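To start, the structure under review is shown below, and the notes come after it.
Values in this document were obtained by computation on a predicted structure and should not be read as measured data. Per chain, numbering begins at 1; letters A, B, ... match sequence-line order.
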2 protein chains.
Amino acid sequence: MANIREIAKLAGVSVSTVSRVLNDYPYVKEEKRRAVLEAMDQLNYKKNINAVHLAKGKTCIVGVMLPDVAHPYFSAMMEGVAEEALRFGYHLLLFQTNYDVHKELEALEMLRMKQMDGLIICSHMASIEAIEAYMEDGPIVLCEDVKDNHFLSVSINHYDAFLLGMNYLIKKGHTKIGYCIGRSTGINSQIRKAAYEKALRAIDVQPNDEWRFEQCLHITDGKRVVEKLCSLHEKPTALLVTSDQVAAGIILWGKAYGVTIPNDLAIVSFDNHPIAEALGITTIELPLSLMGKKAFHMIYHCLKTGIYSEQKEQLPVQLIERMSG
Amino acid sequence: MANIREIAKLAGVSVSTVSRVLNDYPYVKEEKRRAVLEAMDQLNYKKNINAVHLAKGKTCIVGVMLPDVAHPYFSAMMEGVAEEALRFGYHLLLFQTNYDVHKELEALEMLRMKQMDGLIICSHMASIEAIEAYMEDGPIVLCEDVKDNHFLSVSINHYDAFLLGMNYLIKKGHTKIGYCIGRSTGINSQIRKAAYEKALRAIDVQPNDEWRFEQCLHITDGKRVVEKLCSLHEKPTALLVTSDQVAAGIILWGKAYGVTIPNDLAIVSFDNHPIAEALGITTIELPLSLMGKKAFHMIYHCLKTGIYSEQKEQLPVQLIERMSG
DNA sequence: GTAATGTATGAAATGCGTTTCAATGCAAGT
DNA sequence: ACTTGCATTGAAACGCATTTCATACATTAC
């Protein structure tokens, strides 16, 4: 395959001049420029981008780390990142970790090895300290509410969002409120738990451990929730569910088990995916795609200006009232 | 940042020896190996992967081209690709094209520039001829039923799958059958149309253009379908829908419009996403994740062996009977 | 005891584009 | 006429790991 030196020889110029033409630098006589372009055409020249990466010391690639691309929560974020990256001529490297710490570290290593210029961490299992060790290797943005450190972050204020949902249910007269979350570990889950307890404390109600459902990620998890719910002696009258998918599952299987929504059980969930509209689910809209865009932007800004200014942004949510709760 | 030469100097060996240690080659005295490792440790050495890419002439990166990561159809495929790629130590570069031909060509250019070793095209707008021009730049696999060319491909036999759905409905006594598809262009859509007409011809029924619904991609498109359906003078009694999402939308909005499933309208769809189970949708399961895995495998095999053997694989589907049709 | 193998190591070439630095030519400014 | 400055161009260094080839010594084989 032809390289820049062959082009130079054929066009009768130096490699520097070829490079200038290639990169649209000024100070090249029109005549030589044409000669170079013609030589490139003749030899069917194509840049070897890896040589560019090596020479420039950057790749215009940003990594995205997430547990599972197929989950709507993450694919929505990814979509936002992808759209924005494209607008700025960046490429995306996907790291699907499945919450395997080892794979997460591997992604971070790729940052260190300059495979990519920056990294967006949508969710992670590894400790913050472990991730911090890679901060010097390129901008990293975390999509979670991190404090007491110098990471860039965009996040949803899950505390306030959860409080919003809780207070909405409380205002509707509910006191027996349960909730469904995804992972039990993870900062977001802890934040939600805190908000849950805070809201209950405000109305002097003790949290009931039996009304906390973990590992609720997919629509099919709704079935398990309904079944467990039916088996309970004392049942909650309302559920706050961290995903429309799971809420949909609860509603649909609830129907099969004779659970009437919202009379037997009121439901407020999160996301506002199209399925929530279709099922009439009262939900708290999470701006996931926007979060992806913002995340990319932080990285981009940092790379462009070379200034790493610690920045933490929180995105607003809004409750969309429908009939489920 | 330290490079291989500095390590060599500090360890008192040649760069070749350092490289040998780095790549676990034999013929390095234990004593020197240790010296090298220690030097690497001392200088906090990390490979510059771009130099490796350049020197090796390959990147262990495979590109994935698709219109929209957030669509469950594609995120399911992507998930399969990602899982398999990870197993073999490959990385994934995502090209979200939104069916913009220009962006598609840009992805193909990246293949030519050796940014990646191979490319998986989940769906595309560009002509086959345009894509063919890039075949020499690396293995490309198309996830569609392509004939008369030398592409690698993994696909679902959409013709048979559609026929399966049609015949199922016909056997149930339906003759007034309509269908919903995504894009009207695209090979898959043409294939489906052919199967549709074939099935009707077999029972001597004329296709009705009013019963074809295009641009059905998301759950919310179900609303439009129901509305149009209600406005029709002569209505179909059954619909074949190319996505569970859309079928779900039709069922849910159908309820609001007083359309009883399956009595007023029988529905058979495709995918078998969890939502189909939740809603009791009779659906034809498409092995999307598996398709992603196979696609990666074809590329991998090709890269590993260096043999490009034209290969076209079709994956079987199965009808899962539930209550919607 | 000599040829044939195997082990161990380094110098140098290779992959390829970018960037810096020095040099030349030519026009405007004093 | 002489400095200043911009336009134009090329040589060479740079980024960095891999790989080939040659060399030297140590075994094993016949």
Side-chain angles (χ1 to χ4, degrees), chain A residues 1-37 39-40 43-61 109-117 137-138 306, chain B residues 1-37 39-40 43-61 109-117 137-138 306:
Chain A
M1 177 79 83
N3 64 31
I4 209 179
R5 275 155 243 270
E6 294 179 47
I7 304 293
K9 198 178 292 175
L10 182 60
V13 299
S14 71
V15 292
S16 340
T17 301
V18 177
S19 178
R20 286 191 192 99
V21 172
L22 227 39
N23 295 287
D24 273 323
Y25 286 153
Y27 305 146
V28 180
K29 275 247 178 73
E30 192 49 36
E31 180 193 333
K32 301 216 172 194
R33 159 167 275 118
R34 260 202 300 276
V36 168
L37 289 174
M40 295 202 305
L43 297 182
N44 190 27
Y45 172 78
K46 279 293 153 187
K47 257 195 216 197
N48 181 324
I49 202 110
N50 295 127
V52 179
H53 290 342
L54 176 59
K56 292 209 169 164
K58 61 174 190 169
T59 57
C60 287
I61 293 177
E109 282 295 325
M110 296 318 290
L111 181 65
R112 180 158 287 174
M113 293 201 250
K114 299 179 188 300
Q115 163 98 252
M116 53 219 187
D117 300 339
D137 300 308
Chain B
M1 176 80 83
N3 65 30
I4 209 178
R5 272 155 248 272
E6 295 179 46
I7 304 294
K9 196 178 293 174
L10 182 59
V13 300
S14 71
V15 291
S16 339
T17 300
V18 177
S19 178
R20 286 191 191 99
V21 173
L22 226 37
N23 295 286
D24 272 323
Y25 287 151
Y27 305 146
V28 179
K29 275 244 179 73
E30 193 48 38
E31 178 194 334
K32 302 215 172 192
R33 157 168 277 117
R34 260 203 299 276
V36 169
L37 290 174
M40 297 202 303
L43 298 181
N44 190 27
Y45 171 78
K46 278 294 152 188
K47 258 196 216 197
N48 180 324
I49 202 109
N50 295 127
V52 179
H53 290 341
L54 175 60
K56 292 210 169 164
K58 60 175 191 171
T59 57
C60 288
I61 292 177
E109 282 295 327
M110 296 318 290
L111 182 63
R112 180 157 287 173
M113 294 201 248
K114 300 177 187 299
Q115 162 99 251
M116 53 218 184
D117 300 338
D137 300 308

Integer-rounded Å distance: C:dG25 P and A:E31 CD: 16 Å

Report yes or no: does B:N3 contribute a side-chain atom to a donor-acceptor pair with the main-chain N or O of B:R5 at less than 3.5 Å? yes

Presence of donor-acceptor pair under 3.5 Å, side chain of A:R20 and base of D:dG10: yes

So does A:K56 get a side-chain nitrogen or oxygen closer than 4.0 Å to the phosphate oxygens (OP1/OP2) of C:dG17? no

How close or far is atom P of C:dT5 from atom OH of B:Y27, stated in whole angstroms? 14 Å

CA sep, side-chain torsions, deciding dist, call: B:E109, A:K46, side-chain contact (heavy atoms from CB on, under 4.5 Å): CA-CA 9 Å; B:E109 282 295 327; A:K46 279 293 153 187; 3.1 Å; yes

Has the side chain of B:T17 got a donor or acceptor atom sitting under 3.5 Å from an opposite partner on the base of C:dA8? no

Between C1' on D:dC16 and CZ on A:R112, what's the gap in Å once rounded to a whole number? 18 Å

How many Å lie between NZ on B:K9 and P on D:dC16, as a whole number? 13 Å

So, taking the atom named OG1 in B:T59 and the one named CE in B:M116, what distance separates them when rounded to the nearest 0.5 Å? 8.5 Å

Output the rounded distance in Å from CG (A:L22) to P (D:dG10). 15 Å

What's the closest nucleotide to the A:V28 side chain, out of D:dT9, C:dG15, C:dT18? D:dT9

Let me spell it out: for each of B:V15 and A:Y45, pick the nucleotide of DNA chain C with the closest heavy atom. Which residue's pick is nearer the 5' end? B:V15

From the set D:dT8, D:dA12, D:dC16, return the single nucleotide nearest to any side-chain atom of A:K29. D:dT8

Taking only N and O in the side chain of B:K32, is any of them less than 4.0 Å away from OP1 or OP2 of C:dG10? yes

Whole angstrom value for the distance that separates P of D:dG15 from CG of B:L54: 14 Å

Let me know, please, whether B:R5 or A:S14 comes out on the 5' side of the other along DNA chain D by nearest nucleotide. A:S14

I want to check one thing: is the phosphate of C:dT18, taken as OP1 and OP2, less than 4.0 Å away from some side-chain N or O of A:K47? yes

Would you classify B:N23 as touching base, sugar-phosphate or nothing, given that sugar-phosphate means primed atoms plus P, OP1 and OP2, and contacts are heavy atoms under 4.0 Å? sugar-phosphate

Rounded distance (Å) that lies between atom C1' of D:dA7 and atom OH of A:Y25: 17 Å

Taking all heavy atoms of B:N48 and all of B:N50, pick out the closest pair and write down the distance. OD1-N, 2.8 Å

Using OP1 and OP2 only, check whether a side-chain N or O of B:S16 sits under 4.0 Å from C:dT9. no

Only one of A:V28, A:I4, A:I7 passes side-chain contact (heavy atoms from CB on, under 4.5 Å) with A:S19; say which it is. A:I4

Tell me what B:V13 touches on the nucleic acid: a base, only sugar-phosphate, or nothing, going by heavy atoms under 4.0 Å. sugar-phosphate

Using whole Å, report how far CD1 of A:I4 lies from P of C:dG15. 15 Å

